[in-house]
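Everything numeric in this text was worked out from a predicted model, so none of it was measured. Proteins get letters first, then strands, A, B, ... in listed order; numbering begins at 1 in each. As a basis for the values below, the full set of heavy atoms in this structure was taken, side chains included, without hydrogen atoms, waters or symmetry mates.
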There are 2 protein chains.
Amino acid sequence: MSTVDSSLVAQLPLFAGLDTAELDAVLSDARSARVAKNAAVFRQGDEALSFYVLLHGHVRASKTTAGGEQVVVRYVSPGETFGVAMAIGLQRYPATATAVEDSIVLSWPASSWPRLVERFPQLASNTLRTVGTRLQESHTRVVEMSTQQVEQRIAHALLRLAKQSGRKVDNGVEIAFPISRQDIAQMTGSTLHTVSRLLSSWESRGLIESGRQRIVLRDPHGLVLLSEQDPHGVEPPAKA
Amino acid sequence: MSTVDSSLVAQLPLFAGLDTAELDAVLSDARSARVAKNAAVFRQGDEALSFYVLLHGHVRASKTTAGGEQVVVRYVSPGETFGVAMAIGLQRYPATATAVEDSIVLSWPASSWPRLVERFPQLASNTLRTVGTRLQESHTRVVEMSTQQVEQRIAHALLRLAKQSGRKVDNGVEIAFPISRQDIAQMTGSTLHTVSRLLSSWESRGLIESGRQRIVLRDPHGLVLLSEQDPHGVEPPAKA
DNA sequence: CGATCGATTGAGCCCTCTCAAGAGAGGTGG
DNA sequence: CCACCTCTCTTGAGAGGGCTCAATCGATCG
């Protein structure tokens, strides 16, 4: 399938404010493609030849340092834009995008971005909002890493993943894609050993239930309390 | 002074691609104002009534956590846009902007942003680039906090400040605005004590020279070496 | 010239990392 | 369908980087 049914994507944030005809015009430049689990959509340092919308599945964006260490930048959920390097003035992708499960992406040639924004200025505004939201999220992460201990950071990370990509199951909320201790470590600036120890402890306390690349939040509120805990016994601030 | 001389701001990134007449039209909505040292331009949580360009001086953007801890998000240099909450869909400022020295800002009512981007779509693209660049910088910071020790992070921070706002002096490069040990701690996720200890050590080794809210990089290359040092004796990767 | 704010430095501790070993789960090919 | 192999997860022991606590010094400003 090379063409795309516009009804599927009409309400995505990227296309807010476009009417049906305009949407069709934008979509006529796009192609859809299947990406197998564990395959890369693009790699850090590659020339940024395309930008993408995720239609189905989940994609992990991660950066590799000069020393070879990996840091997970974010997980992309269906409907989100990714690989917009071109729009922010980059020639090359600043991170690697890997499908963590079988996924379907919509892609545009980066070369058509200038023409698209000229015809549909809304695209620039919409993308600006998206990138702005990501900037807020990244700042939140910097603040957490600066002020919180590992336990609080990991609790926050799980709660965010569950909110973003949670699936209700009988025992609670399950993170809807495969995620390892190592992945969580790379999201929180920790190590897989520390993550494993903490998750084991939480499991024994009934807060979560987990297995191989699988985590179910059994008591989200309990995790919220954990995530608000202050290391030195100072009370968490009263909710205003 | 309420009106602004367009020649001063013609080459700012925000206005790239606008001709003189268009620039005048945009500037006719703007007012300039002086901000005294240590005064706030706006505060975190305030309604985002304006957005700004810094004409002169330096502004620190910082976030305060629920627990009262502060984290420095960035320092704004002359020519840069800040307070663009409105453009990224926020009703309130996500951080506090404080002049760290007497400064001059240009401000627009946030309410005129929609009209401005409609008339001058370039503004959205230009702002998208700016916000994208900040997102890259924020990710860099996350990566550093995840993978490097405090000493490397502080060395990087000083080198970036010097590159961004350095002023050549006889002994080296001076950071061109007042900055305390505490400020550096809040930029790097450390404490003022650790920063003080490290700067003292660097000063005794001749790498820097410092005083009250004043830092001169005397041997930037030495700092680069420090910033690339690996904690476990593994060689920094050869520059490809 | 006193007061306030920033910087320095010591002592001790603890959270989290590193190092190490092994067990369980799942996929795959014969 | 079973045996093997790989990848993920677990858990212990020990060390150390950087934090907390505490006290003092120095400089700038009103």
Rounding to a whole Å, what distance do you find between [X]:[atom1] and [N]:[atom2]?
{"X": "B:E151", "N": "D:dC19", "atom1": "CD", "atom2": "P", "value": "13 Å"}
{"X": "B:Q148", "N": "C:dC17", "atom1": "CD", "atom2": "C1'", "value": "16 Å"}
{"X": "A:Q229", "N": "C:dC15", "atom1": "CD", "atom2": "C1'", "value": "14 Å"}

- Between B:E80 and B:R134, does at least one N-O distance fall below 4.0 Å, as a salt bridge requires?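 So B:E80 does not pair with B:R134 through a salt bridge.
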- Task: Inspect the contact between B:E144 and B:R153 and indicate whether a charged nitrogen and a carboxylate oxygen are less than 4.0 angstrom apart.
- Result: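 Salt bridge flag = no for B:E144 with B:R153.
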- Message: Looking at A:R197, is its backbone amide N or carbonyl O close enough to the side chain of A:R181 to form a donor-acceptor pair, meaning the two atoms are under 3.5 Å apart?
- Response: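 No.
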- Query: Would you find a donor on one side and an acceptor on the other, under 3.5 Å apart, between the side chain of A:E203 and the backbone of A:S210?
  - Reply: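 Yes, because the side chain of A:E203 sits within donor-acceptor range (under 3.5 Å) of the backbone of A:S210.
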- What class does the angle between the rings of A:Y52 and A:Y93 fall in, given that below 30° is parallel, 30 to 60° is tilted and above 60° is perpendicular?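 Because their plane-to-plane angle lies in the 30° to 60° range, the rings of A:Y52 and A:Y93 count as tilted.
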- Query: Hey, what's the ring geometry for B:F177 with B:H58, parallel, tilted or perpendicular (30° and 60° as the breaks)?
  - Reply: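 Answer is tilted, since the angle falls between 30° and 60°.
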- Task: Five pairs at each end of the helix from C:dC1-D:dG30 to C:dG30-D:dC1: take the axis at both ends and give me the angle between them to 10°.
- Result: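 About 50° separates the two local helix axes.
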- Item | Close residues, residues 195-214 of chain B, relative to DNA chain D [heavy-atom separation under 4.0 Å] |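 Contacting residues: B:R197, B:R212.
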- Is there a residue in residues 176-194 of chain A whose heavy atoms reach under 4.0 Å of DNA chain D, and which residues are they?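 Nucleic-acid contacts, sorted: A:S180, A:R181, A:H193.
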- Let me see the working for A:S138 and B:S138 under side chain to side chain donor-acceptor pair (under 3.5 Å), right down to the final yes or no. CA-CA 6 Å; A:S138 185; B:S138 187; 2.6 Å; yes
- Message: Just to verify, what does B:D219 make a salt bridge (Lys or Arg N to Asp or Glu O under 4.0 Å) with, not counting sequence neighbours?
- Response: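 Not a single residue meets the salt bridge (Lys or Arg N to Asp or Glu O under 4.0 Å) criterion with B:D219.
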- Item | With B:R43 via salt bridge (Lys or Arg N to Asp or Glu O under 4.0 Å) - residues at least two apart |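 Listed in chain order: nothing, the list is empty.
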- Message: I'd like to check the side chain to side chain donor-acceptor pair (under 3.5 Å) partners of A:D46; sequence neighbours left out, ordered by chain and number.
- Response: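 Side chain to side chain donor-acceptor pair (under 3.5 Å) check on A:D46 returns nothing, list empty.
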